[in-house]
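Only one structure is covered here, and it is reproduced in the block below.
Here is how names work: the chains are called A, B, and so on, in the same order as the sequence lines, proteins then strands, and each is numbered from 1. All of these numbers come straight from a predicted model, not from anything done at the bench.
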2 protein chains.
Amino acid sequence: MNLRQLSEQLGLSQTTVSRALNGYPEVSEATRLRVQAAAKAANYTPNSRARKLATGRSMAIGHVIPLSGKEELVNPIFADFITGAGGVYAREGYDLLLSMVPLEGVEDAYRQMATNASVDGVMVQAPKLDDPRIALLQDLELPFVVHGRTAEPAGYSWLDVANARAFRRATDLLLDLGHRRISLLNGQETLDFALRRRRGFEEAMAARGVPVNPAFMHSAAMTEQYGHRTASALLDQDDAPTAFLVSSIITAIGVRRAAGERGLRTGRDISIICHDDVLSYMANDGINAPEGPAFTATRSSIRAAGERCAEMLLALIDNPSQPPLQELWETDLSLGRSTGPAPS
Amino acid sequence: MNLRQLSEQLGLSQTTVSRALNGYPEVSEATRLRVQAAAKAANYTPNSRARKLATGRSMAIGHVIPLSGKEELVNPIFADFITGAGGVYAREGYDLLLSMVPLEGVEDAYRQMATNASVDGVMVQAPKLDDPRIALLQDLELPFVVHGRTAEPAGYSWLDVANARAFRRATDLLLDLGHRRISLLNGQETLDFALRRRRGFEEAMAARGVPVNPAFMHSAAMTEQYGHRTASALLDQDDAPTAFLVSSIITAIGVRRAAGERGLRTGRDISIICHDDVLSYMANDGINAPEGPAFTATRSSIRAAGERCAEMLLALIDNPSQPPLQELWETDLSLGRSTGPAPS
DNA sequence: TTGAAAGCGTTACCAA
DNA sequence: TTGGTAACGCTTTCAA
């Protein structure tokens, strides 16, 4: 059953039927009801391909996931974010087009999405300090929203959490608890959010006049191995850190393992504050069951960010001329068993 | 630049240009080359929407990910599988349509994909013993391939690993190492693969005449918490298990934690064999750095399965009348530090 | 080997 | 408020 058949059956023109079904105002209420009833009875659904051709819109949003070998979709942030965004797309009648490509193919993927107009907009995740994707998408005139931001976050739409502030507060808390030898296990500092976190840490330390030991600051892809190796080395030296500020729960699990191997109990002998609990389902609601530290990026907050970013993107698509949308989200700080006063 | 403009510029008909570009045989080689050169020079790309309307194909594959609250895309198996499949789709000119819906909305998602023909086929992951999706998709006449299989794996296309055999071999190995008190921490046994694994375990035990302690067999969603809680309880009792056979590395991490809390060293006091190392990047190449047990479902094998499933699906779409494709993959067994002889 | 023209099923413009 | 009709840009059938 297509539009022509339905309109013939009703004795109306295709135009009128189309208008009735699409909520155009200029159709009388009586015919609208009649048309809607007939459509329902006939189980009519408009052909999406024809509609896309006619409107020139593809009713799809593109997500391009770079496969760096380490991060990719397995990155639970990506997954939770997409979950949130996907729900909004579905509700608004948009499809989610997922493109997983090697790191070096990302730009081509966007280019292709633009040239064959297979999407109406794209989402950008995990931006670097100066991310080439931004300029490319502006150049391609493809509407986009960034989860996170770059060093120069002007002229485009983004949503980010206040990373610097979050790490400042976490550092303050550790200092309040008497810790002085604090180690920062950060993510790759080519990523914008990692640098902001580091700045927050350094600012808080400086504000109290506590010197930062450069050997205590590390930056790498946030694997468990990284946490285990780095913490192992640090804990084996004299004047080892009494606290760790860790950027990802995966890495924190490695830290916890290193501590356990040395007979150190978290929350007593060493303290851990972890930025996210996005793997809570995996790591037992934090890094120390059952009340681990959950700080900043809970799973539900990541999902909420995905939802909001999707809404922003759809709004942008509906009205491309509007100014960029930018939102900065504050975070909560909640602590569990892994964090305690500095041992004397 | 569209087809009409290109054809006018060339002084040819749209028909000929279309044929030349799409590799139809009835066009002379001379004109084909001329057309291709002109298309390239003009940077012409066919409008995908128009092509889809004309051909009636959507050139897209659907993946529906149920959000059960626990598993979802975060499930690294899903992510790695999609990565592999996505690469094949891209190479063959297909889009990947991702639909993440609550568990109860899965069937509607498929129905919708079928009625508005937004995809040419769908992929099915993690089937239950008797999975309703199979009958539904057959009913909707939507081509599909299943990663895994059901209890009655006939009449549809699937690709699976030999789960029973894998667990039989792992159990044999533990028995050879002198273990008698072996615990199986399985996934949810409503999932087909979990039941096959259990059968493999039980068969191996029975073949040696070693009684299975029912209290040593557990089945649940494969979280870290599950591994930690269950192993904690088991290790605290008399005649605790000396070995654990675990269905997922996430759960194995919990087991390792429980062991560590009791001063037990894996590979010496207790042994762990884990089914997959899909989180290897996260758990340090296995559950005990650096040479953990990697057994069966390596990340790359999951990705390869995704690739093969995608190829099967595209073949099915090209030729819907062909008989179902079915592949059973054998697995390797490799061990690391977590596995050792039974303590005397 | 090439071309004209009829779809594909909508939406949207312009008249009535 | 309704209808006729021209897009939308391609593929495909039928003729030449």
Is there a donor-acceptor pair closer than 3.5 Å between any side-chain N or O of [X] and the backbone N or O of [Y]?
| X | Y | result |
| --- | --- | --- |
| Arg303(B) | Ala85(B) | no |
| Ser157(A) | Leu325(A) | yes |
| Thr16(A) | Leu12(A) | no |
| Gln326(B) | Tyr156(B) | yes |
| Glu8(B) | Gln5(B) | no |

inquiry  = Run the side chain to side chain donor-acceptor pair (under 3.5 Å) test against Glu311(A) and tell me which residues pass, sequence neighbours left out.
reply    = Arg308(A)

Contacts to DNA chain D from [range], heavy-atom cutoff under 4.0 Å, which residues?
| range | answer |
| --- | --- |
| residues 28-48 of chain A | Ser28(A), Thr31(A) |
| residues 7-23 of chain A | Gly11(A), Leu12(A), Ser13(A), Thr15(A), Thr16(A), Arg19(A) |
| residues 49-62 of chain A | Leu53(A), Ala54(A) |

With a 4.5 Å cut-off on side-chain heavy atoms, are [Y] and [X] touching?
| X | Y | value |
| --- | --- | --- |
| Ile61(B) | Leu314(B) | yes |
| Arg49(B) | Asn116(A) | no |
| Gln112(B) | Thr45(A) | no |
| Val161(B) | Phe193(B) | no |
| Arg19(A) | Thr15(A) | yes |

query = Mind checking what makes salt bridge (Lys or Arg N to Asp or Glu O under 4.0 Å) contact with Glu29(B), not counting sequence neighbours?
reply = Arg32(B)

Pairs of donor and acceptor atoms involving the side chains of residues 90-99 of chain B, under 3.5 Å and at least two apart or interchain, shall be tabulated with distances.
{"unit_1": "Tyr94(B)", "atom_1": "OH", "unit_2": "Arg57(B)", "atom_2": "NH2", "d": "2.5"}

Between side-chain atoms of residues 134-143 of chain B and protein atoms elsewhere (two or more places apart, or another chain), which donor-acceptor pairs fall under 3.5 Å?
{"unit_1": "Gln138(B)", "atom_1": "NE2", "unit_2": "Gly155(B)", "atom_2": "O", "d": "3.3"}

ask   = When you list every nucleotide of DNA chain C with an atom under 4.0 Å from a heavy atom of chain A, which one comes first 5' to 3', and which comes last?
value = dG9(C) to dC13(C)

Please tabulate, for the side chains in residues 317-324 of chain A, all donor-acceptor contacts under 3.5 angstrom to protein atoms that are two or more places apart in sequence or on a different chain.
{"unit_1": "Asn319(A)", "atom_1": "OD1", "unit_2": "Ser321(A)", "atom_2": "N", "d": "3.4"}
{"unit_1": "Asn319(A)", "atom_1": "OD1", "unit_2": "Ser321(A)", "atom_2": "OG", "d": "2.9"}
{"unit_1": "Gln322(A)", "atom_1": "NE2", "unit_2": "Ala315(A)", "atom_2": "O", "d": "3.0"}

message = Checking Phe81(A) now: which residues fulfil ring-ring contact (aromatic ring centres under 6.0 Å, His included) with it, not counting sequence neighbours?
response = His147(A)

Difference in axis direction between the ends of the helix from dT1(C)-dA16(D) to dA16(C)-dT1(D), five pairs, 10° = 40°

note = Under a 4.0 Å heavy-atom criterion, DNA chain D is touched by chain A from dT1(D) to dG9(D)

message = Looking only at side-chain N and O atoms, does Thr150(A) offer a donor or acceptor that is under 3.5 Å from a partner on Asp131(A)?
response = no

